[in-house]
Amino acid sequence: EAQVTQNPRYLITVTGKKLTVTCSQNMNHEYMSWYRQDPGLGLRQIYYSMNVEVTDKGDVPEGYKVSRKEKRNFPLILESPSPNQTSLYFCASSLSGTSGRGAYFGPGTRLTVT
Amino acid sequence: GDSVTQMEGPVTLSEEAFLTINCTYTATGYPSLFWYVQYPGEGLQLLLKATKADDKGSNKGFEATYRKETTSFHLEKGSVQVSDSAVYFCALSDQGTASKLTFGTGTRLQVTL
């Protein structure tokens with residue numbers, strides 16, 4: 001079954017404690033991306049990757065890091081989480097970009113930073 | 001930059017009512033347009049799409065037509081069901097960059113018996 005998986009689905013942590021949210025896709029997609037969803041703001045892109053070792057900033061990259069060492073995986077790293085990073089996070093993938101295709105989305109990771 | 005504006009919700013309808021959720025966009029190029037649906041506790045699912053002017057996307061009884069002259073992509077369904085209760089997002093992807101989806105703020109639909 002074609003899917004994007006994220007782990008964990010729920011996470012509560014404290015300010016400053018480094019964390020990683022994993023994302024994996026089984027569709028051999030080149031494009032992967034991270035979004036955050038906040039009430040009244042819709043989804044905003046954090047980072048994206050067009051292929052292995054190719055990443056770039058989205059609209060709200062501050063406080064986040066990513067890496068793309070393998071085609072299937074695209075982890076999101078919060079080196080020093082802060083309460084304003086409390087949000088619902090979605091990983092997405094697409095064959096070769098979003099134009100004309102949109103993207104497949106993972107189930108989401110709800111992060112709370114206290 | 002690109003932007004998407006959706007009507008604010010929540011939208012509350014009785015089962016079998018007609019649904020319209022308005023969506024307008026601003027883009028520098030010729031974007032692809034999408035509607036995504038998010039059921040409670042789940043991720044986003046692509047509902048329908050249109051890639052050029054006058055295209056009509058359709059799926060599960062939902063329709064939307066790409067109107068370049070009014071920069072709109074309104075979502076419609078002739079007869080909603082309780083199972084359609086969800087949050088609906090309008091989105092665009094610029095043809096030039098193809099590196100992201102730009103989303104509206106979402107419209108919550110609640111359908112009652």
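Naming convention: chains lettered A, B, ... in sequence-line order (proteins, then strands); numbering from 1 in each chain.
Salt bridge annotation for Arg36(A)-Asp38(A): present, with a cationic side-chain nitrogen under 4.0 angstrom from a carboxylate oxygen.
Neither the backbone nor the side chain of Gln6(A) comes within contact range of chain B; no heavy atom of the residue lies under 4.5 Å from a heavy atom of that chain. At a 4.5 Å heavy-atom cutoff, the contact between Leu44(B) and chain A is made by backbone and side-chain atoms alike.
When all heavy atoms of Tyr25(B) and Tyr66(B) are compared, the pair lying nearest together is OH-CE2, 3.3 Å.
Heavy-atom pairs under 4.5 Å with chain A peak, among Glu8(B), Lys49(B), Lys52(B), Gln45(B), at Lys49(B). Taking Leu33(B), Leu101(B), Thr51(B) one by one and counting their heavy-atom pairs under 4.5 Å with chain A, the maximum is reached by Leu101(B). Between chain B and the residues Asp59(A), Val4(A), Asp56(A), the largest count of heavy-atom pairs under 4.5 Å involves Asp59(A). Across Ser94(A), Pro107(A), Gly108(A), Ser33(A), the residue that shares the most heavy-atom pairs under 4.5 angstrom with chain B is Pro107(A). Ranked by non-hydrogen atom pairs under 4.5 Å with chain A, the options Ser93(B), Ser32(B), Ser99(B), Gly43(B) are led by Ser99(B).
Checked against a 6.0 Å centroid threshold, the rings of Phe62(B) and Tyr88(B) count as neighbours. Ring pair Phe105(A)/Tyr35(A): centre-to-centre distance below 6.0 Å.
Other residues, nucleotides and ligands contribute over 12 non-hydrogen atoms within 6.0 Å of the CD atom of Glu42(B).
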